[in-house]
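These notes are about the structure you will find just below.
As the structure is a computational prediction, the values presented were derived from the model and not from experiment. Side chains included, hydrogens not; waters and symmetry mates left out as well; all remaining heavy atoms used. Chain identifiers are assigned alphabetically (A, B, ...) following the order of the sequence lines, protein sequences preceding nucleic acid strands; residue numbering begins at 1 within each chain.
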Amino acid sequence: MSRRRSSPGSRPRRLLHPGAWWAWAVGLAVVALRTTNPLLLGLVLAVLAYVVAARRSDAPWAGSFAVALKLGVVVIVVRMLFPVLFGNRVPGTTLFTLPSVTLPDWAAGVSIGGPVTAELLVGAFYQGLRLAVVIACVGAANSLCSPSRMLRSLPNALYEAGVAITVALTFAPQLAVMSSRVREARRLRGRATSGPGAFASSLVPVFEGALERAVLLAASMDSRGYGRHGRAPVRVRRAAAALTLGGLVLCGIGAYGVLDASVPLVLRAPALVAGGLALAGSLVLGGRRSDRTRYRPDPWAGEEWAVLGSAAAAVVGVIASGWAGSALDPSVYPLEVPQLPVAAAVGVLVAALPAWVAPEPPSLASVAAPPALEVAA
Amino acid sequence: MIRFDHVTFTYPGAERPTLADVDLVVPEGELCLVVGTTGSGKSTLLRAVNGLVPRFSGGTLLGRVEVDGRSTEAVPPRELADVVGFVGQDPAAGFVTDIVEDELAHVMENLGVAPDAMRRRVEDVLDLLGLHELRHRPLATLSGGQQQRVAIGSVLTAGPRVLVLDEPTSALDPGAAEEVLAALTRLVHDLGITVLLAEHRLERVVQYADRVVVLPAPGRPVVVGEPGVALADAPVAPPVVELGRLAGWSPLPLSVRDARRAAADLRARLAPLAPDAPVASPARPRPAGRGPALARVEGLHGGYGAVRALRGVDLELHAGEVVALMGRNGAGKSTLLAHLVGLRPPERGSVQVGEAEPHRLAAREVVRSAGLVPQEAGLLLYHDTVAAECTAGDRDADLAPGATRAVLDRLVPGVDPRAHPRDLSEGQRLALALAVVLAAEPPLVLLDEPTRGLDYPAKRRLVTVLRELGAEGRAVVLATHDVEVVAEVADRAVVLAEGEVVADGPAREVVVHSPVFAPQVAKVMAPEPWLTVGEIAAALELPAGTGSAS
């Protein structure tokens with residue numbers, strides 16, 4: 001994973017627009033959502049890993065991909081464990097039989113234990129793998145650009161919501177640091193560090209600490225002008241915010257509709273288009289209230305288009321495969337050896353192009369090791 | 001520039017006002033230092049400048065606070081962002097973004113500064129504070145001094161005319177503190193920014209101040225004046241000022257340089273009386289010999305996660321010695337202490353405390369062999385009242401009821417048993433945490449940055465306590481940046497750098513000739529190896545700390 005390709009020629013190192021990376025990751029996630037073919041899913045995973053290894057920076061958040069992979073393994077295991085324990089009984093090749101428990105009549109639909117079939121396991125594995133690959137897509141996007149950079153690119157009308165989300169994102173890690181400190185402090189007083197009593201009595205100091213930090217942060221943000229009312233009239237500000245939020249909701253519904261064939265037609269492309277229009281409107285309004293500015297907005301250049309295009313190719317490939325009737329969802333009953341759908345596979349391979357096309361990120365932590373946390377308790 | 005007009009402020013539920021009838025004018029372009037004991041309202045005064053008090057604290061503020069002609073009553077802090085830059089005690093707690101450059105730009109984005117002006121100002125501030133090499137670095141990877149400079153930069157880009165700083169150097173090692181102060185003086189001298197700052201470590205800042213505001217004990221009027229005059233009988237004063245008081249110099253010296261020029265006579269008088277380094281002075285008789293070894297660290301490697309904080313540390317701690325553990329922020333001091341109480345297992349090498357390896361012991365057994373007071377002493381306290389805390393301390397360590405309270409009374413007599421630990425002063429809270437740790441009678445006592453947030457009288461009490469602990473035959477280790485306290489209390493100094501021991505020896509030898517770790521008195525008296533005002537007073541047979549609180 002630490003392999004880093006040197007770029008051809010000497011292109012300047014820069015960070016790709018976060019929107020391009022997220023679009024790329026979303027594209028691959030769409031591919032993953034439309035298939036349970038383990039070969040195609042494996043290919044998506046390989047492409048993700050290759051691009052992340054080639055183009056991630058050395059910032060602290062670059063480790064998210066590895067975390068996402070671990071989480072994915074857990075998801076697969078859990079997904080396979082559930083049908084084994086509470087499986088819906090399907091006929092097939094029985095691998096082994098678990099002792100079954102007879103439940104009373106009122107729980108008639110549920111069974112515990114019983115025979116475990118190969119079909120059951122393989123089906124669960126496909127489903128779990130699909131979810132794991134989607135998680136890996138999100139992890140890859142996080143590795144390639146920090147989530148707060150993505151939020152920085154939000155339209156002006158959502159600026160404050162964006163900052164609030166950024167702050168919320170830092171809350172969980174802080175809570176973790178705080179609770180480990182409190183646990184250490186308990187040990188220093190000679191008390192047990194595990195058990196329900198220890199957990200209950202450490203809740204108060206943990207939340208106290210986290211809240212105190214939140215208040216400090218709020219004070220710091222306020223004294224740095226966060227939430228200033230600009231000169232734009234209240235009506236314009238509200239209209240812009242409403243349009244943005246409404247547009248995002250419509251886009252979300254539309255995107256879901258495009259993915260799920262059971263959604264009524266009106267909630268597919270039309271919703272997507274209406275949402276896009278609302279967002280455009282909010283941008284125009286937001287642009288008029290020029291009371292807030294952006295520092296070095298990320299440029300959107302040819303490289304961004306190329307990355308976006310590679311993701312589009314992957315999506316087009318998987319849709320084409322679907323139309324062509326290729327094995328996007330290999331049969332589980334009866335079990336069959338999955339075939340690689342050619343168009344989808346080519347599309348996913350095209351999505352590996354960012355490993356060469358995207359600019360190399362500048363070195364962030366080039367100076368020495370980070371200082372030890374000032375912790376000790 | 002800043003005007004306090006009969007300001008009285010009371011926190012909600014408090015009986016007495018924290019600020020009583022404060023009248024204060026800070027003219028443009030001054031560096032004004034706020035001085036006072038803990039709990040005298042320094043932070044409250046600073047936070048009132050841009051209206052964080054009372055808007056973020058609650059409470060009632062009577063009177064009027066004006067900055068640049070704008071009243072904080074009329075507008076919230078955010079509308080004052082272009083006039084007042086406020087940097088709190090913990091810079092990292094106030095960061096909003098995760099990259100240095102973005103953090104600097106955040107305030108300008110809020111103010112709506114034009115993009116090209118923004119770029120120019122970011123470059124200016126990067127140069128001004130020497131941050132250009134760090135511009136793309138994630139904030140989480142910066143050292144304490146760098147974070148503090150970024151925090152200052154992040155308000156400076158708004159082009160404020162007033163900068164308010166709460167304890168900007170307290171958490172920093174001497175080197176990092178120098179960086180921050182150099183940046184500040186540059187701002188005052190080159191840009192004419194008005195700076196109002198509070199700092200416990202007067203020895204670091206007083207020489208740069210144009211004026212000093214002394215917040216006195218409750219009920220007395222605020223004293224404002226030239227540093228030399230205002231400090232003449234302030235309850236807190238840095239060592240050079242105390243030396244000046246002792247020697248009767250007038251005007252009082254504020255910097256090592258001033259004092260050195262005045263001290264030629266004194267040096268000559270003291271030359272024949274010089275303490276025979278490294279043997280201790282009459283003020284601090286050295287224990288006859290080293291006691292038995294209480295703890296032994298051999299070839300210790302360890303750290304937090306991916307951070308290698310320690311790379312092969314060898315150390316032996318003996319009964320009856322007070323050891324100062326020094327070094328840069330992040331040099332591995334805290335990690336070493338954590339290993340000594342078994343908070344984490346060594347990666348390589350070994351740690352022996354008494355007969356056992358601390359990380360293999362149950363918590364209950366560790367507290368009998370080694371006790372650690374962490375940097376935030378408050379973390380050790382979780383009960384509602386001091387009395388409940390003491391009872392819990394007795395129970396945790398299987399002691400007779402009242403044992404912890406007895407220790408506390410020895411450290412600081414007369415702490416109200418009904419008070420909430422949070423409402424105690426820093427010094428009292430530290431004493432309570434120390435009492436909880438000491439109640440189990442551990443032979444090895446470890447303290448991490450115990451003097452952070454302590455004023456001079458509280459530090460003096462701590463020094464007395466630590467010496468007593470040493471005299472009782474315990475080994476005391478304090479990890480600290482505070483060279484003045486090291487000079488007062490340590491027998492031995494150990495300097496860590498990059499996770500290795502780079503110096504280990506009698507405190508006097510280690511400290512006197514180091515330009516970074518030498519206390520002020522040592523710098524004034526060099527080449528004679530004097531460390532503290534107390535030693536000199538004893539040698540001259542004068543009462544120490546004339547006119548001060550001790």
Most contact-rich option vs chain A, by heavy-atom pairs under 4.5 angstrom, among B:G393, B:A439, B:A392, B:G88, is B:A392

Side-chain heavy atoms of B:V437 within contact of A:L188, under 4.5 Å: no

With sequence neighbours left out, the residues meeting side chain to side chain donor-acceptor pair (under 3.5 Å) with B:S369 are none

What one should report as the nearest heavy-atom pair of B:V367 and A:R189 is CG1-C, 3.8 Å

Under 4.5 Å to a heavy atom of chain A? For B:L52 that would be side chain

Under 4.5 Å to a heavy atom of chain A? For B:A479 that would be neither

Smallest heavy-atom separation, A:G225 atom then B:A81 atom, equals N-CB, 3.5 Å

Whatever's closer than 4.5 Å to a heavy atom in chain A on B:A93 counts as both

Across all chains, not counting sequence neighbours, the salt bridge (Lys or Arg N to Asp or Glu O under 4.0 Å) partners of B:R422 are A:E208, A:E212

Whatever's closer than 4.5 Å to a heavy atom in chain A on B:L139 counts as neither

B:E109 bridged to A:R296 by N-O distance under 4.0 Å: no

- Taking the side chain as every heavy atom from C-beta outward, state whether A:S223 and B:V155 have any atom pair closer than 4.5 Å. no

Assert top hit (heavy-atom pairs under 4.5 Å, partner chain B, pool A:R187, A:R183, A:M221) equals A:R187

Cut-off 4.5 Å, heavy atoms of chain A, and the answer for B:E101 is both

Honestly, the part of B:P442 sitting under 4.5 Å from a heavy atom of chain A is neither

- Query: Can you tell if the side chain of A:R224 reaches within under 4.5 Å of the side chain of B:F86, non-hydrogen atoms only?
  - Reply: no

Under 4.5 Å to a heavy atom of chain A? For B:M118 that would be both

Taken to the nearest 0.5 Å, the spacing of A:S220 OG from B:H106 NE2 works out to 7.5 Å

If one checks every heavy atom of A:A218 against chain B at 4.5 Å, the contacting part turns out to be both

When the 4.5 angstrom heavy-atom criterion is applied to B:R135 and chain A, the contacting part is side chain

Closest non-hydrogen contact found for A:Y295 with B:V122 is OH-CG1, 3.3 Å

If one checks every heavy atom of B:R47 against chain A at 4.5 Å, the contacting part turns out to be side chain

Turns out that what part of B:V100 lies under 4.5 Å from chain A's heavy atoms comes down to neither

Greatest number of non-hydrogen atom pairs under 4.5 angstrom with chain B, of A:D222, A:V215, A:L216, falls to A:D222

